[in-house]
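First the structure, in the form of structure tokens, and then the observations on it.
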Amino acid sequence: MIKRIYVLDVSYDLEEGKPYIMIWGISEEGERVVVIYKDFRPYFYLIVSEWGDNIENEIKNYSEPDSPIISIERGVRKYYGKEVKVIKVTTVIPESVRRYREKLKSIKGVEEVVEADIYFSMRFSIDMNVIPCNWIEMEVERLDKKGYRVDNVYVLKKVRGIIDKNPPKMKVLAFDIEVYNKYGSPDSSRDPIIIIGVKNDKEEKQFVMKGNDREIINSFASYIRDYDPDIIIGYNSNGFDWPYLLNRTKIHGVKLDIGRKVNSQPNQGVYGHFSIQGRLNVDLLGFAMSISEVKVKSLDNVADYLGVMPREKRANIEWNEIAKFWEREEKREELLKYNMDDVRSTYLLGEVFLPFGLELSKLTGLPLDQLSQASVGNRVEWYMIREAFKYNEIVPNKLEREGEEYGGGYVFEPMRGIHEGVYVIDFSSMYPNIMLKYNIGPDTLVNDGDCHRAPEVNHCFRMEPKGFYARIIERLLEERKKVKEMLNNVNDNATRKILEERQKALKVMANAMYGYMGWVNARWYSKEGAEAVTAWGRKIIREAAEIAKAEGFIIVYGDTDSLFLKGKGDINSLIAKIEERFELEIKVEKIYKRVFFTKAKKRYAGLTIDGKIDIVGFEAVRGDWAEIAKEVQERVIERLLVEGSVEQAIKMCREIIRNIRHGKYELNKFVIWKSLEKEINQYETELPHVKAAKKAMKMGFLIKKGSKIGFVILRGKGKLSDRAEPYYNVKSISDLDLDYYIDKQVVPAVMRILEYFGVTEKQLKEEGRQGDLTSFFNI
DNA sequence: TCCGGCTGTTG
DNA sequence: TCTTGCAGCCGGA
């Protein structure tokens, strides 16, 4: 029979020493199904200088009885665009491929072993065009359901192709666990799980520990089996909840049997994600990581930022107080609400992130559970691997390379002071368009001849035919254009939302191509390519600036692909000239009513004609300054841009400094957040956040590379770093070094702006009278 | 006082 | 574990 299946995930298992593929999905009729395919086998290629019986015989000699080599075929494929002779070697057990790679590489005449590191289920998905988050029409036959928790089990006879259709309604389950942590960081071999909260489209529910946690873990597992979610979402669940749950089940000698395959446990995969057979286990933290506006990516911060759970509406408990709330009868209610608020936040964040995730999964071909955890580089790479298959291009191996530095974008010297009426114009997707226009890539790099020659660095790229990157980028840009056209003609809201997320995914992918090319670990790495892209970028932006000057504009500032212009010229005619000159699209990004620059590059603040205030680069938008300093700087900027009043700004600063001295602000306004970019013992100097981290570790907190350290500076003598203390150790602001906060945080942040108006530090700090100020400004 | 380490930011 | 350019703080010499 013919079935249309929306594919959730593709996995495999072994049966009697042979692999079989499981395609997990939802049918058009809404059944949850698994489609089995037993005839796919792992393979890889040898690139050879010449075909020959001797090589083939030698390959046969290496055949292992447990996983024999079952076929050897000659073929021709492309390697960096050039045709090469290959031998395709097929075996039985996916894990044996790695061993064969090592052995066969030594055969004389074999230049390289390639595509031996493509995961088996991905290999199937690519070769058979069974791509996750797509509807696939297939011919199937029904099988016995034994061993699977699904409505139907089928065996795959034939894949007929992809059907363009909106995703089905999926069952989503959000969960969050709380654990006992009286002794600092929780230890899963000691501290039990005290609460497990869940939420789906029907209900909210909590499992609360009585006695030990064995019972609630079992209840949670059975709840999952009963509700039968397609997608399970958590927040940092791959980093915390799943490993914790699994360790607890191990201790109790029970299984976390929650997959759609009977007797399967969550299993840790390549990117550290936990895969659950037949379901997509998605950790939303992976999507939250791309929100650069939120510095500390905690669930409450992200949920507050995205408006799904405002901070003032939720129960707020510091994580080191959980045990206290648990132990006190009268406080436990509050802890339960805290847990449920986390679960609700997770569920609602799912509504924000999942539609985008589904589109990105559909584009890259990575199942959503892997995608949520995979880095940008890996997402790009899987997309490229898929494209390579279509073009018969061999996927290059991953190589250990030394990173080589190269030059980046051009930054103009800013014109100091306040400017009125400034246009910001910028090239749309400059780097991908340069890559496309000049056909840049490792496969198009040539020594000379008829070619595009990059300025400064002089690398040459052949004109024709189009290289791998150019073809990919062209496809991404064209596809996005198509989606945008569709958006103009579609009224249905559900479809519009899907198309909106799709064009976002296409844009994200196109914009990541240049960074990927310059990434040393990329399979399609090209230092020359990346270097040429930025060199062309520099030339283009500088020439565009010259054109602007000739048209009567003054260059106030510019960075990489943007120019800040003021003057009497005609902006539309300028844009037309630049577009004609470079054949690249340029647009007015925004218009500033007022914009302010210091002498520093990459730092400015502006008031747009829509009344919006932009702050770029300054302390106010950095995560490693105390909130109090950021707040004052932001307000000073606002006063200056909106009211144009330096006096008002100074008055406000004085008042705030006075209030700090009088202890009128909450402790959290003084916390400084910095992350540990290295393991703690790798540091050469004892920086404040490193010292604070060490103190926290001594208290039993789990701190490692990547942790965000929140600390305050205490009053007292000695080095700053000796007085840096984890914020949760400090109870009162009377313990803080308020002079540090005034002299080293608030005043410098404010002076960064005000010194350009002749204000001195002394004037800010002295409790002066209004009269002094006025006279000062009259000078 | 200067330099290098360090972090977070920029397009 | 997608890129480079840049500002500015801190510790240590």
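This structure is a prediction, so every number in the text was calculated from the model and none was measured. Each chain gets a letter, A, B and so on, in the order its sequence line appears, and its residues count up from 1.
A search for ring-ring contact (aromatic ring centres under 6.0 Å, His included) contacts involving A:W625 returns nothing, not counting sequence neighbours.
Under the 6.0 Å cut-off for aromatic ring centres, A:W519 and A:Y525 do not qualify, their centroids lying 6.0 Å or more apart.
Nearest-nucleotide assignment on DNA chain C puts the 5′-proximal partner with A:Y406, out of A:Y740 and A:Y406.
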Can I get a per-line list of side-chain donor-acceptor pairs under 3.5 Å for residues 424-431 of chain A, giving both atom names and the distance, sequence neighbours left out?
none

When the side chains of residues 735-749 of chain A are checked against the rest of the protein, which donor-acceptor pairs come out under 3.5 Å, sequence neighbours left out?
from, atom 1, to, atom 2, distance (Å)
A:D737, OD1, A:D739, N, 3.3
A:D737, OD1, A:Y740, N, 3.1
A:D737, OD2, A:R723, NH1, 2.7
A:Y740, OH, A:Q745, NE2, 3.3
A:Y741, OH, A:F670, O, 2.8
A:Y741, OH, A:I713, N, 3.0
A:D743, OD1, A:K765, NZ, 2.9
A:Q745, OE1, A:A626, N, 3.0

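The environment of A:K507 atom NZ is sparse: at most 12 non-hydrogen atoms of other residues, nucleotides or ligands sit within 6.0 angstrom. Within 6.0 Å of CD in A:E583 there are 12 or fewer heavy atoms belonging to other residues, nucleotides or ligands.
For A:E686 and A:K694, the salt-bridge test passes: some basic side-chain N is under 4.0 Å from an acidic carboxylate O. Under a 4.0 Å N-O distance rule, the pair A:R523/A:D117 qualifies as a salt bridge.
Taking the P atoms as reference points, C:dT1 lies 15 Å from B:dC6, given to the whole Å.
On the nucleic acid side, DNA chain C contacts chain A at distances under 4.0 Å to non-hydrogen atoms, with the end points of that region at C:dT1 to C:dG12.
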Please evaluate residues A:E619 and A:K630 with respect to the criterion salt bridge (Lys or Arg N to Asp or Glu O under 4.0 Å), reporting the C-alpha separation (whole Å), side-chain torsions for both, the decisive distance (0.1 Å), and the verdict.
CA-CA 6 Å; A:E619 286 76 2; A:K630 298 179 8 166; over 6 Å; no

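Backbone-only contact: A:R603 has heavy atoms under 4.0 Å from sugar-phosphate atoms and none from a base. Across all strands, A:G408 comes closer than 4.0 Å only to sugar-phosphate atoms, never to a base (heavy-atom distances).
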Using a cut-off of 4.0 Å between protein heavy atoms and nucleotide atoms, how would you tag nucleotides 6-11 of chain B 5' to 3' with B, S and -?
SBBSBS

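Under the side-chain contact (heavy atoms from CB on, under 4.5 Å) test applied with A:Y514, the options A:I434, A:I473, A:I440, A:V533 reduce to a single match, A:V533.
Looking at residues 530-544 of chain A, you'll see that no heavy atom sits under 4.0 Å from any atom of DNA chain C.
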